[in-house]
Peer 1: 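What follows is a single structure, and I will ask about it in a moment.
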Amino acid sequence: MPSNEISRRAVLRAAAVLGVSLPGLAACVTSGSGGGSSSAGGGDRSAANPFGVQADAPLEVVVFKGAYGDDYVIAAENGYKSRFSGAVIDHKGIQKVGDTLRPRFVAGNPPDVVNNTGAGRLDIAALNQSKQLEVLDSLLDAPSWDDPNVKVRDTLLPGVVEDGTYDGSFVRLNYVYTAWGLWYSKPLFEKNGWRWPSTWPEMLALCEEIKKSGVAPWTYQGKFPEYVADPLLVMAARGGGVDLLRSIDNLEPNAWRHESVKAAAEAIAELSAKGYVMPGSEALSHTEAQGAWCQGKAAIIPSGSWLESEQKSVTPAGFDMVMGAVPSLSSSDKLGSNAIHAASSEAYLVPSQAKNVPGGLDFLRMLFSRKAMNEFAKAVGTMPSVSGATDGLTLSPALTSVTEAVKAAGTDMINYRHRTWYPTLTKAVDDGVGELVSLRITPAEWVDRVQKAADDVAADSSVKKYERR
Amino acid sequence: MSRAVLTPRVERTDPPAPPPVKPKRRRKLNRGYGFVIGALLPALVMHVVFVVSPYAQAFYLSLTDWNGVAGTANFVGLANFGRLAGDSLFLASIRNNLLLLLLMPAATIGIGLFLATMIQRGSRTGRGGVRGARFYRIVFFFPQLLSVAIVAVLWGFAYNPNNGLINGVLRAVGLGGLARSWLAEPGLALFAVMAVMIWSGVGFYLVLFSAAIDGVPKEIYEAALIDGANGWTTFWRITLPLLRDNVQVAFVYLGMAALDAFALVQIMTVGPGGPDGSTEVMGLSLYRTAFEYGKFGYASAMGVALFFGTLVFALIALRGSGGKDRTELA
């Protein structure tokens with residue numbers, strides 16, 4: 001009978017072989033060339049061609065093809081082709097942007113334009129740190145497509161430039177504008193005579209009333225606690241204003257110990273303690289929780305403005321979801337209840353090692369024109385990141401409510417940068433909120449653990465630090 | 001090792017291999033090996049390119065701070081491994097993997113052995129299987145036909161606290177008090193995942209053990225019956241000792257699955273890996289560190305740690321029970 005033992009010697013021998021072959025083989029992964037390839041940028045610059053695009057240079061566009069599709073990109077490509085006759089465009093609509101493009105970035109031959117979105121996208125901060133991304137300042141200062149007297153920078157909604165700035169470099173131009181809030185069915189509220197509350201005591205009174213009607217007042221996407229972390233952070237940010245946001249994002253000592261943070265945590269925990277949250281929510285995925293909400297089992301759910309399109313196939317007729325702003329905790333808040341959390345997404349990048357950087361920049365200028373944005377908004381019912389892009393369109397109740405909320409907020413936009421800068425802190429916040437809403441930890445414990453996570457990040461020399469000004 | 005691990009042996013009576021003929025002269029020896037080398041080389045090259053080389057790269061990357069997209073990486077020595085020791089989430093993941101390792105293989109093998117014995121020898125007389133043995137064998141094998149992603153999604157539905165199958169059944173039979181939020185309670189979530197691993201694994205080992213019991217000569221059982229041995233004695237004194245090799249191989253397989261568990265946790269659990277890290281496993285930490293945090297160097301260090309953990313386990317498992325005191329049949 002043959003022996004199935006491994007001799008110790010065989011293991012050692014294998015380990016030795018492995019060790020010897022290490023340096024040679026290891027060269028493979030990171031052997032890409034560091035230097036940028038020379039770009040096709042020989043064309044003449046003019047007012048109409050601000051980047052000096054070479055008309056016959058090919059352009060490669062790789063976009064994430066998700067809920068928004070890629071028809072709007074193809075339309076813009078056709079515009080590019082008719083302008084630069086002779087330009088061959090290589091278009092790829094894909095899902096796994098990271099897996100597809102990571103090796104190409106490493107090898108130094110990335111495409112000219114990338115829409116870096118979806119699960120498994122590339123880490124933009126890492127790309128920027130490795131100098132893989134073109135700084136898009138020249139695009140911001142270029143004349144906009146629709147009006148040569150207005151710069152691209154001035155067509156964008158508040159926060160878009162900030163969102164795209166990593167470590168002082170503007171490298172990411174976002175296409176979609178997302179607002180967060182609390183969602184409810186307008187007809188359901190009207191039928192019951194419920195009014196959307198603007199203060200937290202009013203919210204609690206409303207919840208009591210909803211509960212009496214036999215419907216759970218709130219539900220949330222328990223498997224992904226970041227959803228319910230959002231109203232908490234908005235209430236905290238309103239109380240402490242921009243100063244608090246800045247100190248949190250900059251990892252200042254005891255930033256999370258601000259009284260408004262604790263008050264917000266207490267408010268969210270109170271919802272559970274008073275039985276206003278649908279039982280079992282803590283174990284539901286986003287589809288399950290949102291499904292229950294659409295079936296009228298719960299009245300209010302936190303989410304972002306993508307909710308309408310996400311729920312399209314399961315929303316009953318006449319449900320007419322709308323977004324309400326998170327109520328304010330206190331009248332002494334530094335920001336009013338018009339202040340909402342909004343941010344841009346759907347990241348467009350131009351790799352610095354691309355063959356046709358000027359072409360990529362000019363393509364983005366066309367893609368961010370009001371006409372292209374208008375088409376996009378019409379096709380997918382989502383708010384683009386250029387102001388006035390939805391003017392003149394007939395909007396759904398949901399998109400109308402989002403547009404109005406963005407308009408009412410004006411420049412009072414709440415956005416936190418630490419969530420993208422320090423993902424380990426984000427995880428600590430979200431895990432903690434999950435425990436907080438399940439009443440397994442107290443608001444004070446939540447503050448302690450988040451503060452500790454922030455301190456850990458601040459003390460970790462291997463984490464690149466950013467500064468919010 | 002490779003033979004035992006790669007082809008679980010159910011045939012117990014293979015004849016001993018004839019002793020290799022010693023070549024008389026060196027030239028002959030070379031000619032003989034020339035063919036062997038020629039036959040092995042393509043496979044060896046593939047193995048080096050697609051298996052050994054990625055491993056070697058991972059070992060090297062674990063000593064760097066590579067971010068996954070840069071063309072270069074800085075050498076940081078053993079710093080990544082030092083960080084591992086202080087990473088509370090990673091330590092939690094080791095704890096969870098060890099708990100899985102402790103319970104899951106034992107439970108799967110135990111249930112698998114029990115069912116296999118019932119199917120082969122569970123009848124009243126002790127000479128055949130229970131009624132409908134063939135049917136059970138097929139039904140228990142079903143989960144094996146589903147991909148792990150589908151298994152995870154289906155069980156995610158079953159664990160839904162409000163309209164899931166499990167709480168629904170509990171409430172229907174008047175045990176609504178036992179209905180829980182299975183995946184959202186820190187004390188239960190890991191066991192909920194473990195139950196799915198056992199459920200989906202048992203069918204395979206049932207078939208494996210069942211075939212092995214089939215390979216045991218009937219005379220031995222017959223003799224035991226005549227001697228008046230009951231079912232328990234037969235199982236402990238005959239079936240289990242003769243299935244030792246199979247159980248050992250099953251243990252190695254299941255142990256590796258217990259040290260992984262990534263897919264189920266990633267798809268089913270809160271967070272994933274939650275609530276609050278209670279279902280975090282090493283594979284999930286590794287994945288998140290690499291593909292969400294962009295720290296491929298640190299993630300490679302986790303991978304290397306996992307590699308050695310698995311290697312040590314496999315060595316112990318194969319050595320600890322392998323051996324000279326094996327029950328021989330032929």
Side-chain angles (χ1 to χ4, degrees), chain A residues 1-6 10-11 17-19 21-34 98 101-102 105-108 120 122-123 125-127 129-132 222-225 278-285 288 292 297 423-424 427 430-432 434-435 438 440-441 460 462, chain B residues 1-5 14 16-17 48 52-53 55-57 59-61 64-73 76 79 83 89 156 159-162 167 181-186 245 248 269-272 274-277 288 291-296 298 311 315 318-319 322-323 326 328 330:
Chain A
M1 190 162 276
S3 158
N4 59 7
E5 283 179 50
I6 324 162
V11 173
V17 169
L18 213 58
S21 57
L22 255 173
L25 292 162
C28 300
V29 176
T30 51
S31 60
S33 66
L101 294 185
R102 196 171 288 116
F105 271 102
V106 173
L122 292 155
D123 181 344
L127 281 173
Q129 241 172 294
S130 311
K131 305 270 174 259
Q132 290 276 18
K223 277 198 176 170
F224 308 102
M278 185 174 83
S281 296
E282 71 279 0
L284 300 184
S285 68
E288 289 168 330
K297 289 179 182 159
T424 50
K427 181 160 168 54
D430 295 345
D431 283 356
E435 298 298 286
S438 311
R440 285 192 288 265
I441 60 173
D460 187 341
S462 81
Chain B
M1 173 182 88
S2 63
R3 188 191 150 127
V5 172
D14 39 356
V48 166
V52 177
S53 137
Y55 266 104
Q57 295 189 33
F59 275 73
Y60 167 68
L61 287 175
T64 71
D65 65 351
W66 193 46
N67 65 10
V69 289
T72 55
V76 296
R83 285 170 59 84
L89 200 57
Y159 280 134
N160 181 311
N162 295 339
N167 282 354
S181 208
W182 301 101
L183 289 170
E185 290 182 27
D245 270 7
Q248 187 186 356
T269 61
V270 173
D276 203 21
R288 192 187 299 116
F291 296 101
E292 287 177 28
Y293 301 172
K295 293 180 166 183
F296 281 71
Y298 186 40
L311 191 70
L315 284 177
L318 285 172
R319 180 156 277 242
R326 176 182 319 173
E328 296 284 348

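Chain letters run A, B, ... following the sequence lines, proteins first, then strands; residues in each count from 1. Because only heavy atoms are used, hydrogens play no part in the values below, and waters and symmetry mates are left out as well, while side chains stay in.
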Peer 1: Among A:Ser462, A:Gly120, A:Ala292, who wins on heavy-atom pairs under 4.5 Å with chain B?
Peer 2: A:Ser462
Peer 1: Given that the side chain runs from C-beta out, which part of A:Lys131 has a heavy atom under 4.5 Å from chain B: side chain, backbone, both or neither?
Peer 2: neither
Peer 1: Quick one: pull up CG in B:Asp276 and CG in A:Asp430 and give me the separation to the nearest 0.5 Å.
Peer 2: 11.5 Å
Peer 1: Please answer whether the main-chain N or O of B:Ala70 pairs with a side-chain N or O of A:Gln132 as donor and acceptor at a distance below 3.5 Å.
Peer 2: no
Peer 1: Within the distance-only criterion (no hydrogens, no angle test), does the side chain of B:Glu292 pair as donor or acceptor with the backbone N or O of A:Pro423 below 3.5 angstrom?
Peer 2: no
Peer 1: What part of B:Thr64 lies closer than 4.5 angstrom to a heavy atom of chain A: side chain, backbone, both or neither?
Peer 2: neither
Peer 1: Classify the ring geometry of B:Phe291 against B:Phe296: parallel below 30°, tilted from 30° to 60°, perpendicular beyond 60°.
Peer 2: perpendicular
Peer 1: Looking only at non-hydrogen atoms, find the nearest pair between B:Val270 and A:Gly222 and report the distance.
Peer 2: CG1-O, 3.6 Å
Peer 1: What part of A:Leu127 gets within 4.5 angstrom of chain B, counting heavy atoms only: side chain, backbone, both, or neither?
Peer 2: both
Peer 1: So, taking the atom named OG in B:Ser53 and the one named OH in B:Tyr60, what distance separates them when rounded to the nearest 0.5 Å?
Peer 2: 14.0 Å
Peer 1: With a 4.5 angstrom heavy-atom cut-off, could you sort out which part of B:Asn162 is near chain A: side chain, backbone, both or neither?
Peer 2: side chain
Peer 1: Which atoms of A:Asp460 come close to chain B, meaning under 4.5 Å heavy atom to heavy atom: side chain ones, backbone ones, both, or neither?
Peer 2: side chain
Peer 1: Between A:Thr424 and chain B, with a heavy-atom cut-off of 4.5 Å, which part of the residue counts as in contact: side chain, backbone, both or neither?
Peer 2: both
Peer 1: When you measure from the side chain of A:Glu288 to the backbone of B:Asn160, do you find a donor-acceptor pair of N or O atoms at a distance under 3.5 Å?
Peer 2: no
Peer 1: For chain A, find which of B:Gly277, B:Pro272, B:Ser181 contributes the most heavy-atom pairs closer than 4.5 angstrom.
Peer 2: B:Ser181
Peer 1: Give, as side chain, backbone, both or neither, the part of A:Glu282 having an atom under 4.5 angstrom from any heavy atom of chain B.
Peer 2: both
